[in-house]
Amino acid sequence: MAGVAHVIVDVRTRQLDRPFDYAIPPRWQGRLAPGHRVYVPFGRQYCQGYVLSIDETASGPAKTLKPILAVLDEIPLFTPELLQLHEFVRDRTLCTHLEALQSMIPGAYRAHSVRRYRAVPGDPPALLSAAAERLWQELAARPQAFEPLVRKFGPDAALLLELWLSSGHVEERVEAEDAVRAQVVTVLVPSADAQTLQAAAAARARRAKKQAVLLTALARDKEVRLREAGIRPSDPAVQALVEQGLAVLQQQEVYRAPVAAALREHQPKRELTPAQAAALRAILQAMAAAAGQGVVLHGVTGSGKTEVYLQAIEACLAEGGGAIALVPEIALTPQMVGRFTSRFGQRVAVLHSGLSAGERRDEWLRVRRGEARVVVGARSAIFAPVEQLRLVVVDEAHESSYKQEERPHYDAREIAGWRARHNHAAVVYGSATPSMELLHAAEQGKLTWVSMPFRIENRPMPAVTIVDMREALRQGSRGLFSEALIHGLEAAVEQGQQALLFLNRRGYAAFVLCRGCGESVQCPNCDISLTLHRHGGEEWLQCHYCEYRQAVPEVCERCGEPAVRPFGVGTQQVEHALHERWPHWRVLRMDVDTTRRKGAHREAVERVLNGEVDVLLGTQMIAKGLDFPNVSFVGVIAADTMLNLPDFRAAERTFSLLTQVIGRAGRAEIAGQTVIQTYRPDHYAIQAAARHDFAAFYQTEQAYRQAFQYPPYCELAVFFASHEQESYARGAAARFERELRRLVAAPDAVVLPAAPSGIRRAKGQYRFQVVVKYSQWNRVKNAFASSYAAVSERMRKLGGSCSLDVNALHI
DNA sequence: AGCACGCCGACT
DNA sequence: GTCGGCGTGCTC
């Protein structure tokens, strides 16, 4: 047989991480292409697979191959570009073929086998009971799956099926089926020309009004979607038209349209400021160069980056190209989506986790079919099958959410660069606080740096006051709010404007501590303190890692003293304090606890935009991607919460978050005021953010990174082992370290000793890690791959787990 | 991952 | 004497 397909089977194990060969059935020869999804027999079972490549010329095979049973999609899900990209992802993250492939397509594309049973035409078997009689009728009518039959007829159905299968009265067929399929509606379509239809409508206007209405609609619209019209397919009027040959019923696929239309702002194309125009020119130049160039767009908050993106994408479309715009999940708000849909309408597809599986499948399919040429989406949208890709925009490019924390550990920013190079397109990394990595790449001449240092319409940057909370404490102030913060809040609210209060910690208090012995209440499963929550008159302790909950102990569990007190402020406590002090203010709290419910986030944003809120209080979710024109005051309750984390990016994240929070103030006509409360007023991250002085921050931070050899002066990899038993977790990390040291050495890599992770135990699992610094991936990747292989298999058998995050963001 | 093949303890 | 425990090994 001629034609062999090399297929990756959908079985998640490293042992099967290689192509398997299958025979191409005659009717698919010449039509089956790389990227097609197929259904194949594998071992004693069936599974779906992905065609990597095809060998048309394969002559007489040494062994007889099993055949492909079915091709699951009309067009290959993977374009040639995506197949090539999957090799890059595999090489860069050391994941399997399957992991790389499946991260690129919607999860809805997963076929399961369904066995259906059908009565063989001819002599029926002896039907001994009424139930058997009915079962036989059912099987004769159409093929039936096992589960519904047993549900309907009881366990006897299984016995009868078995009997009839062996006697040959019933046959079994295995079919592949996706759990999420295309949505199908019944439509009535005309089978006569418009004139005939209108004449027929006129003739029926008196005696058959419903038929007349349908005929008129058919003449006008060429189709009637019955469900939308509230008419059943069995309606006599419909049946009559079909019988008279005027119309036929058809099943038609329809797209599930996500709610992108909501909050659609009809924003006209805006006149660009000189800085915006210069930025747009730089992007268009990079596109015209067709060399996969990258541009860093450093634009202060309120400088109008989105408008630049929109106009650059317009230029793509005008040239017949396509574009992808990546936005962090947290910023992918209806507001942001609305700006794209109002500008590009149906040419935009939206891809993010808020969509249902079916919506995501349909949006993706619109892209694959070339019907949508612009994609707006979160991280995984970087794999969208846009053809003629001319531009990739990565908005808020400093955001850590572009790195996938699960396997495969890819970084969408890096994939953006790959796709730009592959397509001879351009990539834009936009941010008010570009990362140290972007800065470093620009300094080395790998990226072009463009600045938009002013806000649109020359609005001023907010005035920032730093309040030293140590000083306030010395003066006897023990409240959450300093004088400056109180003045700012009151001034804003009294003038009918809005205020925003930021605190990066949810719950009521960070932890509870016994004043008798100094012991805090710990989570029994994790190595961290429990957080105090107070809501709706109730009070409890909660773990922010594993969701464990317990009551607050009356007395200390260690020393028995009734001296358990809350410490450290959370958003619930600030909300409480606001209510106490200003009972008539309308305060809205926004954090994970208040926005968990679907749609809650959007409702909250709408309430703020509608002016139903005086003070919006929240965690970092209020700092990003939202544009509230009536906010004139921003307060930061405690700038230090992020600064004290044991992470080499703590300063960068503080600087970035503060800059963004400050930037929420004064985005429209009103001037902005800002107060930052801190115990470390002299820290360079806080100082630089307050003075809007990016250069100063970068200079200091760069010196630290270089001195301690952290990114961007190297790359980090983190091997991670976790197990219920501490010794197994430690052992796996130690073995990985030993293995890797055997294979690489300085200067290619610096292997740090195996050590417990920041949180030694989480969800009942002990966690150990090995951190490696290296600068050239190609020189170390083989060593990583084999060291990992040496440990991971055994760890899994022991009931633990391992991971290897290459190019890791934090350790 | 499944599923079978294959060698040793407690039962009809 | 069997039924069944789960330790290796294979899947085009």
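Residue numbers start from 1 in every chain, and the chains themselves are labelled A, B, ... in the order their sequence lines are given, proteins ahead of strands. The analysis underlying the following values was restricted to heavy atoms, covering all of them including side chains, and did not include hydrogens, waters or symmetry mates. None of the values given here were measured: they were computed from a predicted structure.
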What's the [atom1]-[atom2] distance between [X] and [N], to the nearest Å?
X: A:Asp17; N: B:dA1; atom1: CG; atom2: C1'; answer: 14 Å
X: A:Phe42; N: B:dA4; atom1: CZ; atom2: C1'; answer: 14 Å
X: A:Gln15; N: C:dC10; atom1: CD; atom2: P; answer: 10 Å
X: A:Asp21; N: C:dC12; atom1: CG; atom2: P; answer: 11 Å
X: A:Arg18; N: C:dC12; atom1: CZ; atom2: P; answer: 10 Å
X: A:Glu793; N: C:dT8; atom1: CD; atom2: P; answer: 13 Å
X: A:Leu98; N: B:dA1; atom1: CG; atom2: C1'; answer: 11 Å
X: A:His112; N: B:dA1; atom1: NE2; atom2: C1'; answer: 14 Å

Original post:
When you look at OH of A:Tyr728, are more than 12 heavy atoms from neighbouring residues, nucleotides or ligands closer to it than 6.0 Å?
Top reply: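 Open.
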
**OP:** Determine the sole option in A:Trp418, A:Tyr410, A:Trp364 for which the ring pair (Phe, Tyr, Trp, His ring centres under 6.0 Å) test with A:Phe383 is passed.
**Re:**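 That would be A:Tyr410; it is the only one of A:Trp418, A:Tyr410, A:Trp364 passing the ring pair (Phe, Tyr, Trp, His ring centres under 6.0 Å) with A:Phe383.
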
Original post:
Between C:dC12, B:dA1, B:dG2, which nucleotide gets closest to the side-chain atoms of A:Val11?
Top reply: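 Given the options C:dC12, B:dA1, B:dG2, the side chain of A:Val11 is closest to B:dA1.
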
**OP:** For A:Pro41, answer base if it contacts any base atom (sugar-phosphate contacts may also be present), sugar-phosphate if it contacts only those atoms, and nothing otherwise; contact means non-hydrogen atoms under 4.0 Å.
**Re:**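 If one applies the 4.0 Å heavy-atom cut-off, A:Pro41 turns out to touch the sugar-phosphate alone, with no base involved.
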
Original post:
So what does A:Tyr22 touch, heavy atoms closer than 4.0 Å: a base, only the sugar-phosphate, or nothing?
Top reply: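 Sugar-phosphate, no base atom in range.
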
Original post:
Is A:Arg37 close enough and on-axis enough to A:Tyr50, meaning under 6.0 Å and within 45°, for cation-pi?
Top reply: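 No.
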
**OP:** Classify the side-chain pair A:Glu387/A:Thr79 by whether it contains a donor and acceptor separated by less than 3.5 Å.
**Re:**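 Their side chains do not contain a donor-acceptor pair, so the 3.5 Å distance test is not met.
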
Original post:
Do the side-chain N or O atoms of A:Gln45 get closer than 4.0 angstrom to the phosphate oxygens (OP1, OP2) of B:dA1?
Top reply: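 A:Gln45 to B:dA1 OP1/OP2: no side-chain N or O under 4.0 Å.
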
Original post:
Would one find a side-chain N or O of A:Arg796 under 4.0 angstrom from OP1 or OP2 of B:dA1?
Top reply: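 For B:dA1, OP1/OP2 do have a side-chain N/O of A:Arg796 under 4.0 Å.
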
Original post:
Between A:Arg44 and A:Arg14, who's closer to the 5' end of DNA chain B by nearest nucleotide?
Top reply: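 The answer here is A:Arg14.
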
Subject >> Identified side-chain hydrogen bond (donor to acceptor under 3.5 Å, both in side chains) partner of A:Arg118 from the options A:Gln144, A:Glu172, A:Glu171 >> reply: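 The side-chain hydrogen bond (donor to acceptor under 3.5 Å, both in side chains) with A:Arg118 is passed solely by A:Glu171 among A:Gln144, A:Glu172, A:Glu171.
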
